[in-house]
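So the structure is just underneath, and the comments pick up after that.
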Amino acid sequence: MNKKIRTNAVDHLFDAILSLREKEECYTFFEDLCTVNELLSLSQRFEVATMLRDRKTYLEIADKTGASTATISRVNRSLNYGNDGYEMVFNRMENKEPAE
């Protein structure tokens, strides 16, 4: 874990996110928290990660998501050398495992 992001402010933000109970609450909170472009960028990265995990090519991913090859490469690096955060979420979504 990157120690630079472990701050009281980030902890506070994550506590707020963890308090959300349903998708509609997420929309309400994130629409206030993020710009439309920030939210779309986050969702694009998650879609890119999903497609990389499904072994789609960079060209297929770029065509479907509009992501640049630089973005696809960054997400791929996180999938391969990151903290396994994507994998944790994918597993929970597939297994419908409740968040802890």
Side-chain angles (χ1 to χ4, degrees):
M1 173 61 66
N2 187 338
K3 293 187 189 298
K4 291 180 184 177
I5 68 167
R6 281 197 176 263
T7 66
N8 288 336
V10 174
D11 281 350
H12 195 222
L13 172 62
F14 289 166
D15 288 341
I17 293 168
L18 288 168
S19 77
L20 301 171
R21 295 190 177 128
E22 55 192 43
K23 193 180 298 186
E24 202 54 44
E25 288 182 355
C26 290
Y27 275 102
T28 300
F29 180 68
F30 280 95
E31 283 181 34
D32 285 350
L33 180 66
C34 300
T35 65
V36 171
N37 285 338
E38 289 168 336
L39 196 50
L40 292 175
S41 291
L42 290 171
S43 63
Q44 181 188 62
R45 287 184 204 138
F46 192 69
E47 185 69 14
V48 167
T50 301
M51 293 180 75
L52 284 167
R53 191 169 183 254
D54 291 340
R55 305 267 190 240
K56 302 296 182 195
T57 67
Y58 275 35
L59 182 59
E60 290 173 303
I61 296 168
D63 284 346
K64 180 162 193 286
T65 67
S68 68
T69 55
T71 295
I72 298 167
S73 181
R74 277 194 298 274
V75 172
N76 194 42
R77 192 168 36 255
S78 291
L79 282 170
N80 291 314
Y81 305 109
N83 295 311
D84 293 327
Y86 282 115
E87 198 60 36
M88 174 183 61
V89 169
F90 289 140
N91 287 335
R92 287 186 181 165
M93 292 175 75
E94 287 169 0
N95 298 319
K96 302 294 189 237
E97 178 184 325
E100 293 177 5

### Close side-chain approach of Arg74 to Arg45, heavy-atom, < 4.5 Å
no
### Query
Are Phe30 and Val89 connected, step by step, through hydrophobic side chains (Ile, Leu, Val, Met, Phe, Trp, Tyr) whose heavy atoms are closer than 4.5 Å?
no
### Query
Should we count CG of Asn80 as having more than 12 external heavy atoms under 6.0 Å?
yes
### Query
Which one of Thr57, Leu59, Leu52 satisfies the side chain to side chain contact (heavy atoms under 4.5 Å, CB included) criterion with Ile72?
Leu52
### Message
When you measure from the side chain of Glu25 to the backbone of Arg21, do you find a donor-acceptor pair of N or O atoms at a distance under 3.5 Å?
### Response
yes
### Message
Within this structure, what is the CG-OH distance for the pair Asn76 and Tyr81, rounded to the nearest 0.5 Å?
### Response
8.5 Å
#### Entry: Nearest heavy-atom neighbours spanning Leu79 and Ala49
CD1-O, 3.8 Å
### Message
Testing the basics here: between Gln44 and Thr71, what is the closest heavy-atom pair and its distance to 0.1 Å?
### Response
OE1-CG2, 4.3 Å
### Query
Do the side chain of Ser73 and the main chain of Thr69 share a donor and acceptor less than 3.5 angstrom apart?
no
### Hphob cluster co-occupancy, Met51 + Leu40, side-chain heavy atoms under 4.5 angstrom
no
### Query
Any side-chain heavy-atom pair from Leu33 and Leu13 closer than 4.5 angstrom?
yes
### Message
So Leu42 and Phe46, do their side chains get closer than 4.5 Å, heavy atoms only?
### Response
no
### Message
For Phe29, is the CZ atom crowded, meaning more than 12 foreign heavy atoms sit under 6.0 Å from it?
### Response
yes
### Query
Can you hop from Met93 to Val75 via hydrophobic side chains spaced under 4.5 Å?
yes
### Query
Quick one: does Glu38's side chain have a donor or acceptor within less than 3.5 Å of a partner on Thr35's backbone?
yes
### Query
Going only through I, L, V, M, F, W and Y residues with side-chain contacts under 4.5 Å, is there a path from Phe14 to Leu20?
yes
### Query
Do side-chain atoms of Asn91 reach the backbone of Glu87 as a donor and acceptor pair under 3.5 angstrom?
yes
